[in-house]
Amino acid sequence: MSHSKITKNGSRRILITSALPYANGPIHLGHMLEYIQTDIWARFQKLVGNECYYVCADDTHGTPIMLSAQRQNITPEELIAKSHQDHLQDFNGFHINFDNFHSTHSEENKFYTEKVYQSLLDKGHIERRTINQLYDPDKHMFLPDRFVKGECPKCGSADQYGDNCDSCSATYNPTDLKNPKSAVSGATPILKDSEHFFVKLQDFENILKNWLKDGVSQQIENKLNEWLDVGLQQWDISRDAPYFGYSIPGHPDKFFYVWLDAPIGYLASFKNLCDKTPELEFDDFWKKSSDAEVYHFIGKDIINFHCLFWPACLHATDYRMPTSVFAHGFLTVNGTKMSKSKGTFIKASTYLENLNPEYLRYYFAAKLSGKIDDFDLNLEDFVQRVNSDLVNKYVNIASRCAKLIKKSGNQLHASIDKPMLLKEFQQSADKIAQFYEDREYGKASKVIMQLADKANIYIDEQAPWKLAKDESTADQALAICSMGIHLFHILSIYLKPVLPQLVSQVENFLKVDPLSWQDISKPLVSHELNDFKPLMKRVEPAQVEKNANQLGRSA
RNA sequence: GGCAAGGUAGCUCAGCUGGUUAGAGCACAUCACUCAUAAUGAUGGGGUCGGUGGUUCAACUCCACUCCUUGCUACCA
């Protein structure tokens with residue numbers, strides 16, 4: 001169902017998360033779509049005066065990290081420490097303003113994971129059962145799906161991973177693969193028994209159905225019906241040693257599956273923030289009766305984890321469930337999946353070497369909706385969109401007014417030249433706020449750019465440059481250019497969640513304190529400005545090409 | 001294979017519960033302007049809405065089938 005909270009009074013308490021990046025690889029632009037989407041929402045909530053916290057963490061456990069560390073001859077702890085630094089650098093580079101970025105390999109996470117498990121156990125939601133699984137006899141480890149390769153049992157294609165075939169898209173069990181090989185050692189896997197721990201998800205069916213009814217969008221609910229219609233099954237939450245993670249209390253050879261402790265990272269990161277922030281209480285947000293709001297931003301690929309397993313875990317632990325879960329689609333580049341060989345697998349760090357992060361923030365904002373549709377980063381469109389909207393329309397307003405104002409000592413006129421136009425700009429605030437709230441950033445951007453067009457039309461019609469030539473009308477010219485700045489001022493507030501860095505330069509130019517939503521109604525009459533300096537350069541198509549080429553090689 | 005979401009002008013996208021000549025931005029063309037980071041303004045050409053077949057007085061909007069893309073399919077993360 002739709003979430004259309006009114007954002008006027010600024011009295012809401014909100015906790016937001018993005019999905020945890022896996023500590024086994026670099027952040028790429030697909031990741032950034034989600035962090036930028038979330039960051040814009042968090043910045044918007046803060047801008048309108050709500051109490052809002054945005055937390056995240058590295059997802060550090062599981063077989064891939066263990067093996068990756070082995071291959072690099074380092075400990076998993078060293079690997080995830082390196083990732084943590086790299087990830088933070090990328091996030092900072094894109095102005096992702098986390099209130100806390102923690103790790104699932106932390107005291108807090110261990111504590112809450114065990115707490116969740118103990119609650120599930122105490123309430124009889126855990127069952128133990130022996131299952132049969134592929135095992136690498138050389139490496140002495142059980143093999144997750146993605147570490148078994150073989151021929152598709154249906155079409156015979158070679159080198160197929162795990163449980164589905166790339167070439168015929170058949171679904172099967174890893175044990176069905178013909179000529180299976182361990183992707184770790186190359187050995188032929190054998191079947192071996194092991195006792196696993198399962199969460200009886202069926203126990204939560206009614207709770208989950210009720211929560212879904214008004215907790216998530218129709219699109220997500222439709223998807224989840226696949227699971228609910230067939231009937232919820234048991235969820236395997238244990239993995240055998242060797243495994244990098246937390247061992248299950250009382251069972252030293254069994255470990256918690258990474259997907260159990262990953263979302264718990266949201267709790268852990270927030271707890272860690274609370275411990276650093278005296279006025280912040282964990283229970284105010286997570287106790288069952290909390291009236292704070294909790295939102296998870298995720299990709300469409302992990303809907304089941306966040307809308308079935310995770311709420312069940314929270315409920316069993318007597319915590320509140322999320323207010324809602326927001327899912328977005330996948331990023332494509334020039335219409336296709338990001339591909340290393342095509343040079344479209346773009347790492348965050350490579351992008352930052354060549355391009356301004358706010359170009360991408362704006363491009364994402366200009367096209368994002370609240371739905372789970374995939375998102376295409378079309379590089380040509382990217383250049384045109386950013387240059388046209390940001391430089392030619394928005395920044396241009398300030399640029400074209402600044403020189404005439406400087407002639408008058410950088411002092412804005414004492415009167416408002418066209419009050420009705422100002423009013424129109426101000427009255428768009430509610431509509432734009434609602435679009436931000438609904439994550440319809442594309443629609444918000446469209447309204448903002450329509451206003452920018454109106455500002456340029458106004459200046460064109462008034463032609464202050466003509467009036468400035470004559471002593472008798474010079475004052476009128478100043479009034480018009482001042483009006484242009486008033487409009488620019490409001491546009492800057494509307495764009496601030498998307499373009500924090502640019503708007504901070506604007507604040508310097510306008511000589512004002514950090515802008516807030518309230519400032520929309522406070523035009524800078526008779527205000528003094530600083531000298532205007534170019535606020536943003538155009539994107540050069542060559543930069544983008546360089547970027548793509550570089551990426552192809554370095555990925 | 002099953003389920004979900006998407007397939008609308010050259011490009012990127014809007015189009016609510018079906019209803020006059022299908023919209024926007026960019027790109028393109030012509031004209032105007034010259035204050036502005038060769039920016040801005042005005043006007044114009046351009047789609048029959050993936051395909052086929054239905055329902056209806058009327059469908060981009062409903063139904064069926066079909067093709068294509070992406071995701072999920074519970075021991076991948």
Side-chain angles (χ1 to χ4, degrees), chain A residues 20 22 24 59 61-65 131-134 142-148 154 161-164 168-175 194 196 198 201 219-227 229-230 232-240 257-259 262 299-305 308-309 327 329-330 332 335-337 363 366-367 369 371-374 376-378 380-385 387-389 391-393 395-404 442-443 445-446 449-450 453 455-457 459-468 477 480-481 484 532 534-538:
Chain A
L20 313 190
Y22 201 51
N24 187 31
D59 179 15
H61 293 150
T63 306
I65 283 179
I131 63 169
N132 203 244
Q133 203 183 357
L134 290 175
F142 285 93
L143 292 166
D145 288 1
R146 70 160 68 166
F147 291 104
V148 184
K154 196 174 173 197
Y161 282 94
D163 61 355
N164 66 64
C168 76
S169 79
T171 313
Y172 42 79
N173 289 319
T175 49
S194 172
H196 277 228
F198 292 83
L201 267 185
Q219 283 183 316
I220 292 181
E221 199 181 345
N222 291 348
K223 181 57 202 163
L224 260 8
N225 281 336
E226 176 183 345
W227 298 61
D229 291 347
V230 176
L232 292 174
Q233 295 167 37
Q234 300 183 338
W235 180 39
D236 189 347
I237 57 159
S238 66
R239 293 295 184 271
D240 288 288
Y257 175 39
V258 57
W259 260 114
K300 66 179 179 181
D301 55 328
I302 53 176
I303 287 173
N304 54 333
F305 292 102
L308 295 176
F309 307 161
F330 269 44
T332 55
T336 56
K337 272 197 273 195
Y363 187 70
K367 287 174 65 177
S369 77
K371 294 188 292 192
I372 62 179
D373 306 356
D374 286 346
D376 187 43
L377 166 57
N378 180 289
E380 211 173 307
D381 183 52
F382 167 79
V383 173
Q384 289 171 346
R385 188 66 170 264
N387 288 345
S388 169
D389 285 2
V391 184
N392 299 352
K393 287 184 182 178
V395 167
N396 185 235
I397 297 165
S399 180
R400 69 193 305 198
C401 293
K403 198 195 265 177
L404 277 172
K443 289 184 173 141
S445 305
K446 193 170 180 178
M449 285 310 140
Q450 279 169 350
D453 285 343
N456 277 312
I457 291 169
I459 295 166
D460 241 66
E461 285 173 344
Q462 304 301 312
W465 55 91
K466 287 180 183 163
L467 301 171
I480 291 160
C481 289
F532 178 81
L535 294 165
M536 175 175 266
K537 283 191 216 156
R538 289 195 178 71

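Below, chains carry the letters A, B, ... as their sequence lines are ordered, and counting in each starts from 1. Scope of the values below: all heavy atoms of this structure, side chains included, with no hydrogens, waters or symmetry mates. Worth saying up front: this structure is predicted, and the values here are computed from it rather than measured.
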| task | Could you walk me through whether A:Asp373 and A:Lys367 pass the salt bridge (Lys or Arg N to Asp or Glu O under 4.0 Å) test, one step at a time? | result | CA-CA 11 Å; A:Asp373 306 356; A:Lys367 287 174 65 177; over 6 Å; no
| field | Residue A:Asp236, side-chain atoms from C-beta onward, closest of B:C75, B:A27, B:A77 | value | B:C75
| remark: Considering only heavy side-chain atoms of A:Gln219, the closest of B:A5, B:G15, B:C3 is B:A5
| task | Establish, from distance only, whether the side-chain atoms of A:Arg385 and A:Asn378 form a donor-acceptor pair under 3.5 Å. | result |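 No, no side-chain donor-acceptor contact under 3.5 Å.
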| said: For a 4.5 angstrom cut-off between non-hydrogen side-chain atoms, does A:Phe142 reach A:Thr63? | reply: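 Not touching, per the 4.5 Å side-chain cut-off.
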Rounded to whole Å, please give me the gap between [atom1] in [X] and [atom2] in [N].
X        : N     : atom1 : atom2 : result
A:Trp227 : B:G71 : CH2   : P     : 16 Å
A:Trp235 : B:U73 : CH2   : P     : 13 Å
A:Phe382 : B:C13 : CZ    : C1'   : 17 Å
A:Phe305 : B:G71 : CZ    : P     : 15 Å
A:Lys337 : B:C72 : NZ    : P     : 9 Å
A:His61  : B:A77 : NE2   : C1'   : 14 Å
A:Asp373 : B:G71 : CG    : P     : 14 Å
A:Asn378 : B:U69 : CG    : P     : 19 Å

| query | Looking only at atom types and distance, does a side-chain atom of A:Asp374 sit under 3.5 Å from a main-chain N or O of A:Gly329, one as donor and one as acceptor? | reply | no
| Okay, side chain of A:Asn24, backbone of A:Ile65: is any donor-acceptor separation there less than 3.5 Å? |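 Judged by distance alone, no pair lies under 3.5 Å.
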| field | Where protein sits on nucleotides 28-37 of chain B, one letter per nucleotide: B base, S sugar-phosphate only, - none, heavy atoms under 4.0 Å | value | -----SSBBB
So, is [X] close to the [N] phosphate, meaning a side-chain N or O under 4.0 Å from OP1 or OP2?
X        : N     : result
A:Tyr257 : B:A77 : yes
A:Lys300 : B:U73 : no
A:Lys223 : B:C72 : no

| Where does the angle between the aromatic ring planes of A:Phe198 and A:His196 fall among parallel (under 30°), tilted (30 to 60°) and perpendicular (over 60°)? |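 Correct class here is tilted.
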| request: Under 4.0 Å between any heavy atoms, over every strand shown, what does A:Leu232 touch: base, sugar-phosphate, or nothing? Just pick one. | output: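 The residue A:Leu232 makes base contact.
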Under 3.5 Å donor-acceptor pair, [X] side-chain atoms to [N] base atoms:
X        : N     : result
A:Glu380 : B:C11 : no
A:Thr171 : B:G1  : yes
A:Gln450 : B:G25 : no
A:Trp259 : B:A77 : yes

| Minimum heavy-atom separation for A:Arg538 to A:Asn392, with atom names? | NH2-OD1, 2.8 Å
| query | If you take all heavy atoms of A:Leu20 and A:Ala262, which pair is closest and at what distance? | reply |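 Taking every non-hydrogen atom into account, CD1-O, 3.0 Å.
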Whole-Å [atom1] distance, [N] and [M]:
N     : M     : atom1 : answer
B:A22 : B:A59 : P     : 13 Å
B:A9  : B:G15 : C1'   : 14 Å
B:U61 : B:G6  : P     : 14 Å

| field | Whichever of A:Lys367 and A:Asn222 has its nearest RNA chain B nucleotide further upstream toward 5' | value |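 Its nearest nucleotide being more 5', the pick is A:Asn222.
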| Of A:Glu461 and A:Ala366, the one whose closest RNA chain B nucleotide lies more 5' |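 Nearest-nucleotide comparison on RNA chain B picks A:Ala366.
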| query | Counting only Watson-Crick or G-U wobble pairs whose two distances fall under 3.5 Å, which nucleotide matches B:U12? | reply | B:A24
